[in-house]
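Take a look at the structure below.
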Amino acid sequence: MKIFVNGAATTQFGELWGVSPRSLARGSVSSALKDARIESAQVEALFVGNMLSGMLGGQEHLGAFFAEELGLPVPAFKVEGACASGGLALHNAVNSLLSGQYATVVVLGIEKMTDHKPEDVATALMGAGSEEERNAGATFPGLYAILARMHMNEFGTTEEQLAAVAVKNHYHASLNPNAQFHNLLTVEQVMRSSRVADPLKLLDCSPISDGAAAVVLSTKNIKGSVEVAASVVATDTLGLAQRAHLTQLTATQRAAEKAYRIAGLTAGQVSVAEVHDCFTVAEVLAMEDLGFFPRGKAAAAIEKGETRLGTSAGIVVNPSGGLKGCGHPVGATGVKQVVELVDQLRGSAGKRQVENATIGLAHNVGGSGATAVVHILKK
Ligand code: COA
């Protein structure tokens with residue numbers, strides 16, 4: 001059985017203080033249904049990807065909450081997997097279709113983070129880490145700083161090369177009307193920004209964001225649909241201390257290998273990828289773990305512009321602006337990545353259009369690599 005994305009939409013991402021989670025959900029889902037040209041009565045189940053609504057907003061029971069809000073009286077499920085909640089919700093939705101249980105479902109990824117104090121958000125995000133990391137006072141910028149330092153020590157990766165990831169992704173975001181940031185950056189600006197967790201600086205970090213994204217999935221190949229060629233999840237230890245490697249994310253490697261096998265494709269055939277650049281070093285790791293570049297070679301390639309719109313001879317990475325430039329409302333990110341790929345594969349991405357895009361890959365990570373979700377989409 002084949003699974004298709006029939007409709008896809010995102011809201012604006014950013015600091016949306018005047019917008020409620022209810023209206024973010026309504027905006028993204030109604031646009032996705034319109035895009036799929038179906039009525040809400042045809043939807044048979046709702047999958048919601050979200051991480052923080054319980055801890056920050058006191059609202060659990062999100063499946064029923066949004067089913068009521070959206071006027072979809074159907075089976076509804078909240079799926080949580082830290083920053084990979086959106087990707088995991090998609091995976092569960094795909095499986096529900098493959099099982100034959102439903103024929104048309106909606107996936108909503110949503111997060112509202114900016115109404116809360118940054119220190120409360122940082123603490124809530126650390127719910128994705130291990131107990132010992134929390135007890136030690138670690139934060140996610142700190143954990144990814146360890147990964148960055150290890151990569152620098154092993155491969156000679158430089159802070160300037162990491163900065164090049166932010167420069168590229170802000171350039172892509174400047175072309176995306178729904179992105180949180182539209183300002184261009186230079187390597188010097190990134191290097192001069194305040195140190196958050198050495199060697200990572202403010203402009204190496206994805207921001208705290210609000211936003212929602214939705215897709216309609218079904219077993220029907222209607223006009224404008226994009227096929228889901230593979231949907232794979234892998235896990236690893238929650239804590240970094242228990243890992244065998246700190247310069248690669250094993251969960252990403254395992255998810256990608258299986259996804260390529262299921263889709264019958266190789267990394268070299270992917271034309272456009274949306275990867276999980278929660279911190280600049282995370283994009284470097286993803287490029288290597290997904291097999292786009294050999295170990296230790298991705299940072300230099302990104303610095304040379306090899307993954308940038310307009311200059312890439314091979315793969316374009318994060319044309320939406322990624323988490324860094326487009327924003328990272330954690331539960332929404334994995335769904336937004338797929339919305340961007342649908343636009344790219346349809347040829348409707350406007351100024352961000354990747355030439356001859358035929359195969360797209362979405363890579364969504366939870367925590368510091370404890371969950372990895374890979375989706376491969378094709379025209
Ligand atoms: N990139 C670019 N600009 C950013 C930014 C980012 N990541 N974060 C904040 N800014 C901007 C703000 O828009 C603001 O600009 P303004 O003064 O023109 O309005 C300025 O920098 C200061 O913002 P502020 O909200 O005070 O930043 P902060 O110090 O509270 O938070 C971080 C900055 C990096 C600590 C925060 O964004 C963060 O924790 N990011 C990581 C989130 C995370 O861990 N996600 C999960 C990943 S696994």
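Just the heavy atoms: all of them, side chains too, but no hydrogens, waters or symmetry mates, feed the values below. Atoms within a ligand are numbered from 1 in the order they appear, just like the ligands themselves. Only a predicted model underlies this, so the values are computations on that prediction, with no experimental measurement involved. Throughout, residue positions are numbered sequentially from 1 according to the sequence presented.
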- [ ] Establish whether atom 11 (C) of ligand 1 and some protein heavy atom are separated by less than 4.0 angstrom.
- [x] no

- [ ] Determine if the distance from atom 43 (C) of ligand 1 to the closest protein heavy atom is below 4.0 Å.
- [x] yes

Task: Salt bridge E227-K379, side-chain N to carboxylate O under 4.0 Å - done: no

TODO: List every atom of ligand 1 that sits less than 4.0 Å from any heavy atom of S206, numbering the atoms from 1 in the order shown and giving each element.
DONE: 7 (N), 37 (O), 40 (N), 41 (C), 42 (C)

- [ ] With heavy atoms only and a cut-off of under 4.0 Å, state how V121 meets ligand 1: side chain, backbone, both or neither.
- [x] neither

Open item on the list: Could you measure the distance from the CD atom of E111 to the CZ atom of F13? Nearest 0.5 Å is fine.
Closed with: 10.5 Å

- [ ] Verify the contact flag for atom 15 (O) of ligand 1, where contact means a protein heavy atom under 4.0 Å away.
- [x] no

Task: Test of proximity, K324 against ligand 1: N or O pairs below 3.5 Å - done: yes

Task: Protein heavy atom under 4.0 Å of atom 1 (N) of ligand 1 - done: yes

TODO: Just do the salt bridge (Lys or Arg N to Asp or Glu O under 4.0 Å) check on D277 and K168 with the steps written out, would you?
DONE: CA-CA 12 Å; D277 59 324; K168 170 182 69 70; over 6 Å; no

Open item on the list: Students should be able to answer this: which protein heavy-atom is nearest to atom 35 (C) of ligand 1, and at what distance?
Closed with: V196 CG1, 4.4 Å

- [ ] Do me a favour and list the nearest non-hydrogen protein atom to atom 39 (O) of ligand 1 with residue, atom name and distance?
- [x] I208 CD1, 3.9 Å

Open item on the list: Does the plane of the ring in F77 sit parallel, tilted or perpendicular to the ring in Y102? Use 30° and 60° as the thresholds.
Closed with: tilted

- [ ] Could you tell me whether the side chain of E288 and the main chain of K297 form a donor-acceptor pair under 3.5 Å?
- [x] yes

Open item on the list: Side chains of T252 and D289 only: does a donor on one sit below 3.5 Å from an acceptor on the other?
Closed with: no

- [ ] Considering the heavy atoms of L203, write down every atom of ligand 1 situated less than 4.0 Å from one of them.
- [x] 1 (N), 2 (C), 3 (N)

Open item on the list: Do N6 and S218 pair up side chain to side chain, a donor and an acceptor below 3.5 Å, judged on atom types alone?
Closed with: yes

Task: L125: numbered ligand 1 atoms lying under 4.0 Å from its heavy atoms - done: 43 (C), 44 (O), 45 (N), 46 (C)

Open item on the list: Under 4.0 Å and counting heavy atoms only, is there anything from the protein next to atom 21 (O) of ligand 1?
Closed with: yes

Open item on the list: Strictly inside 4.0 angstrom of atom 8 (N) of ligand 1, do you find any protein heavy atom?
Closed with: yes

Task: side chain to side chain contact (heavy atoms under 4.5 Å, CB included) evaluation trace for T11 with N178 - done: CA-CA 7 Å; T11 64; N178 286 324; over 6 Å; no

Task: Per-atom contact, atom 47 (C) of ligand 1, protein heavy atoms, under 4.0 angstrom - done: yes

Task: salt bridge (Lys or Arg N to Asp or Glu O under 4.0 Å) evaluation trace for D210 with K112 - done: CA-CA 4 Å; D210 306 322; K112 193 80 173 66; 3.2 Å; yes

- [ ] For atom 37 (O) of ligand 1, decide whether some protein heavy-atom distance is shorter than 4.0 Å.
- [x] yes

Task: Residue portion contacting ligand 1 (non-hydrogen atoms closer than 4.0 Å) for C205 - done: both

- [ ] Identify the protein heavy atom lying closest to atom 4 (C) of ligand 1, giving its residue, its atom name and the separation to 0.1 Å.
- [x] F181 CZ, 3.7 Å

- [ ] Provide the number and element of each atom of ligand 1 under 4.0 Å from a heavy atom of F140.
- [x] 44 (O), 48 (S)

TODO: For the pair V316 and R352, evaluate side chain to side chain contact (heavy atoms under 4.5 Å, CB included) and give the outcome as yes or no after the intermediate values.
DONE: CA-CA 10 Å; V316 175; R352 306 190 308 288; over 6 Å; no

TODO: Could you check if a side-chain atom of H172 sits within less than 4.5 angstrom of a side-chain atom of R308, using non-hydrogen atoms only?
DONE: yes

- [ ] Report the nearest protein non-hydrogen atom to atom 27 (O) of ligand 1: residue, atom name, distance rounded to 0.1 Å.
- [x] L202 CD1, 4.5 Å

- [ ] Take Q242 and E132 through the side-chain hydrogen bond (donor to acceptor under 3.5 Å, both in side chains) test and state the conclusion after the steps.
- [x] CA-CA 11 Å; Q242 288 71 30; E132 61 188 350; 2.6 Å; yes

